[in-house]
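Below is one structure; the comments refer to it alone.
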Amino acid sequence: MDTTVNKNSITIPRGAVRKAGGFVILPLKEYDKLREQAIPTYYLQGKEARELDKLVEEGEKEYREGKCKEIKSLADLD
């Protein structure tokens, strides 16, 4: 059996653990997988799919024609 000693440690105050109700430590890949599974995926079909495709195409065309402008906040919209 190979035992590795790592002197790196993380200290979390007990008060923070109690206040948060605990902590979970897991690999980043596993976290990403859990996060992706938590978001529902929707697939449109028929008329809804065609309408969305048309809306996206129109938006891309307007972008290519330079009709879009960059805004910093919603207050910039006229």
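Side chains included, hydrogens not; waters and symmetry mates left out as well; all remaining heavy atoms used. When a residue number appears, it is its place in the shown sequence, counting from 1.
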List the steps and the verdict of side chain to side chain contact (heavy atoms under 4.5 Å, CB included) for K72 and E70. CA-CA 7 Å; K72 302 283 185 213; E70 186 175 326; 3.7 Å; yes
Give the intermediate values and the outcome of side chain to side chain contact (heavy atoms under 4.5 Å, CB included) for residues L34 and L26. CA-CA 11 Å; L34 289 171; L26 53 127; 4.2 Å; yes
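Environment of CD in Q45: sparse, with no more than 12 heavy atoms of neighbouring residues, nucleotides or ligands closer than 6.0 Å. Within a 6.0 Å sphere centred on CD1 of I12, other residues, nucleotides and ligands contribute more than 12 heavy atoms. Around atom OH of Y63, no more than 12 heavy atoms belonging to other residues, nucleotides or ligands sit under 6.0 Å away.
Linking ILVMFWY residues whenever their side-chain heavy atoms come closer than 4.5 Å, directly or via other members, places L44 and V56 in the same cluster. Linking Ile, Leu, Val, Met, Phe, Trp and Tyr whenever their side-chain heavy atoms come within less than 4.5 Å leaves Y42 and L52 in two separate clusters.
Rounding to the nearest 0.5 Å places NZ of K67 at 10.5 Å from CD of E58. Put simply, CD on E60 and CG on L55 are 10.0 Å apart, with the number rounded to the nearest 0.5 Å. Between atom CD of residue E36 and atom OG1 of residue T41 there is a gap of 9.5 Å, rounded to the nearest 0.5 Å. Atom NZ of K61 sits about 12.5 Å away from atom SG of C68, to the nearest 0.5 Å. Once rounded to the nearest 0.5 Å, the distance linking CD of E30 with NZ of K33 reads 7.5 Å. Interatomic distance, CD1 of I25 versus OH of Y31, reported as 14.5 Å (0.5 Å rounding).
A salt bridge links D32 with R35: the closest approach of a Lys/Arg side-chain nitrogen to an acidic carboxylate oxygen falls below 4.0 angstrom.
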